[in-house]
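Encoded as structure tokens, the structure appears first; notes follow it.
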Amino acid sequence: MNNASTTYIPENFDKHSFQQDLISWYQSIKRDLPWRENQDPYRIWVSEIMLQQTRVDTVIHYFNQFMERFPTVNDLANADEQDVLIAWEGLGYYSRARNLHTAVKEVVATYDGQIPSQSSELKKLKGIGPYTLGAIMSIAFGEPIPAVDGNVMRVMSRIFEVYDNIADQKSKKKFEQVVEAVISKEDPSSFNQGLMELGALICSPKKPKCNECPVSSYCTAFSKGIQEELPVKTKAKKQRTIAYFAMVIEADGQYLIQKRPAQGLLANLWQFPLVEQAEFPKDEAVHYIELEYDLNLEMVHEGKPVKHVFSHVIWEVYPIFCRVSDGDISTDHGQFVTLEEMDQYPLSKVQHKVKQQIDS
DNA sequence: AATCCGGGGTC
DNA sequence: GACCCAGGATT
């Protein structure tokens, strides 16, 4: 055998003791989280999607609200995407919501509303990748399938002194093989969640609390005092900056908003029209909108600049407040709605920052 | 293999 | 600022 398990795991590693120590620690400290009330695969699924790249404390409120709004697979499948996005508003990575919606409709259409308990079927669903597959299979269905996320890679890299770059896609497969070799067959749910809980609470990226760690006696990095050297991770590229004008166009208490394209950043969310500053200087932006949108405008005032940092790009948004000067609000580039009606449209965080300036 | 895709907490 | 978070899809 020449796989990851024989490469990384010491021959004298006591797998069963490790499992016991990890699981009993997890059982003793685990929090009462809403998605741990039962093993309903729908609730587990939704929680795991929300928890992608998102902290537990952030997710709790969204999860409870989402479950109240869409209690079952059928409720979600029958919902409008617009309403699903509103429930996701502010959580970020909105393709998660759109993919979940697509997948749930697929469950209704193909599996009679029953979430498949076979991993070969489950992994066909949109938005369910290797991690989420393992999480659902182990937590909801008790199957010993690895659920390797950032926490698990950090924990395992330290315990087994693995120097593979965790920013590298193929490293995840190695860690999945490692977990495969040591996962508990008796309680894979507690084992997987225990690894993640350990990464979140004890085995942190900086200054890990090794003195509180239930499995420090198994940890090669700890025994060598090199726990802060692991894992190896290359730095991400710096984001580029794009400057926009946000055109806040008012007509008799109504404001023009438009739906963003179905693909790309903030897909299908709504916005005050954006004009890239590189294309039109401030003086020309209003005139450009007048021509392009077939509206007659007068500029009222300028707002405060809004800076927003995304994963791969930075927006600097400069609000320009205008008024329709002749009362004619017919345009093909969006619709005029009141501030109250705007609650029925999903807006990104940036757009909310612009919106907040309207009353001030 | 590299890039795209949010927003917030922490140090 | 830099880092990272219960990652996945696309190219």
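Naming: A, B, ... by sequence-line order, numbering from 1 per chain. Side chains included, hydrogens not; waters and symmetry mates left out as well; all remaining heavy atoms used.
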Side chains of A/His308 and A/Glu316: donor-acceptor distance under 3.5 Å anywhere?
no
Quick one: does A/Thr54 reach the base of B/dG7 with a side-chain donor-acceptor pair under 3.5 Å?
no
Considering every strand and a 4.0 Å limit on heavy-atom distances, what is the contact class for A/Gly199: base, sugar-phosphate, or nothing?
nothing
Between A/Trp35 and the options A/Ile60, A/Ile139, A/Asp40, the side chain to side chain contact (heavy atoms under 4.5 Å, CB included) test singles out A/Ile60
Is any side-chain nitrogen or oxygen of A/Lys349 closer than 4.0 Å to OP1 or OP2 of B/dG8?
yes
Identify whether any heavy atom of A/Leu91 sits under 4.0 Å from a base atom; if not, whether one sits that close to sugar-phosphate; answer base, sugar-phosphate or nothing.
base
Have a look at A/Tyr131 and say if it touches a base, only the backbone sugar-phosphate, or nothing, with a 4.0 Å heavy-atom cut-off.
base
Please tell me if A/Tyr94 has a side-chain N or O lying less than 4.0 Å from either OP1 or OP2 of B/dG7.
yes
Under 4.0 angstrom between A/Lys235 side-chain N/O and C/dA2 OP1 or OP2:
no
Given A/Leu265, A/Asn268, A/Leu85, the one that forms side chain to side chain contact (heavy atoms under 4.5 Å, CB included) with A/Tyr94:
A/Leu85
Between A/Phe280 and A/Phe245 (judged by ring centroids, cut-off 6.0 Å), do the two rings come close enough to count as a pair?
no
Once you apply a heavy-atom cut-off of 4.0 Å, does A/Asn192 come out as touching a base, just sugar-phosphate, or nothing?
nothing
Please determine whether a side-chain nitrogen or oxygen atom of A/Lys126 lies at a distance below 4.0 Å from atom OP1 or OP2 of C/dA9.
no
Check the phosphate of C/dC5 against A/Arg154, side-chain N and O only, distance under 4.0 Å to OP1 or OP2. Yes or no?
yes
Any side-chain N or O of A/Lys307 less than 4.0 Å from the OP1 or OP2 oxygen of C/dG1?
yes
Answer yes or no: does a side-chain N or O of A/His308 lie under 4.0 Å from OP1 or OP2 of B/dG7?
yes
Any A/His312 side-chain N or O less than 4.0 Å from OP1/OP2 of B/dC4
no
Please determine if a side-chain N or O atom of A/Thr132 lies less than 4.0 Å away from the OP1 or OP2 oxygen of C/dG8.
yes
Base C/dC4 paired with A/Arg55 side chain (donor-acceptor, <3.5 Å):
yes
Which part of the nucleic acid does A/Arg36 contact within heavy-atom distance under 4.0 Å: base, sugar-phosphate only, or nothing?
base
Just N and O in the side chain of A/Gln169: are any of them under 4.0 Å from OP1 or OP2 of B/dA1?
no
Using heavy-atom distances to pick each residue's nearest nucleotide on DNA chain B, tell me which of A/Gln52 and A/Lys206 is more 5'.
A/Gln52
Would you call A/Glu197 and A/Lys30 a salt bridge, taking side-chain N to carboxylate O under 4.0 Å as the test?
no
Among C/dG8, B/dG6, C/dC5, find the nucleotide with the atom closest to the side chain of A/Lys172.
C/dG8
Of the listed nucleotides C/dG7, C/dA6, B/dT3, the one nearest the side chain of A/Lys237
B/dT3
Checking all strands, does A/Val56 fall into the base, sugar-phosphate, or nothing category for heavy-atom contacts under 4.0 angstrom?
base
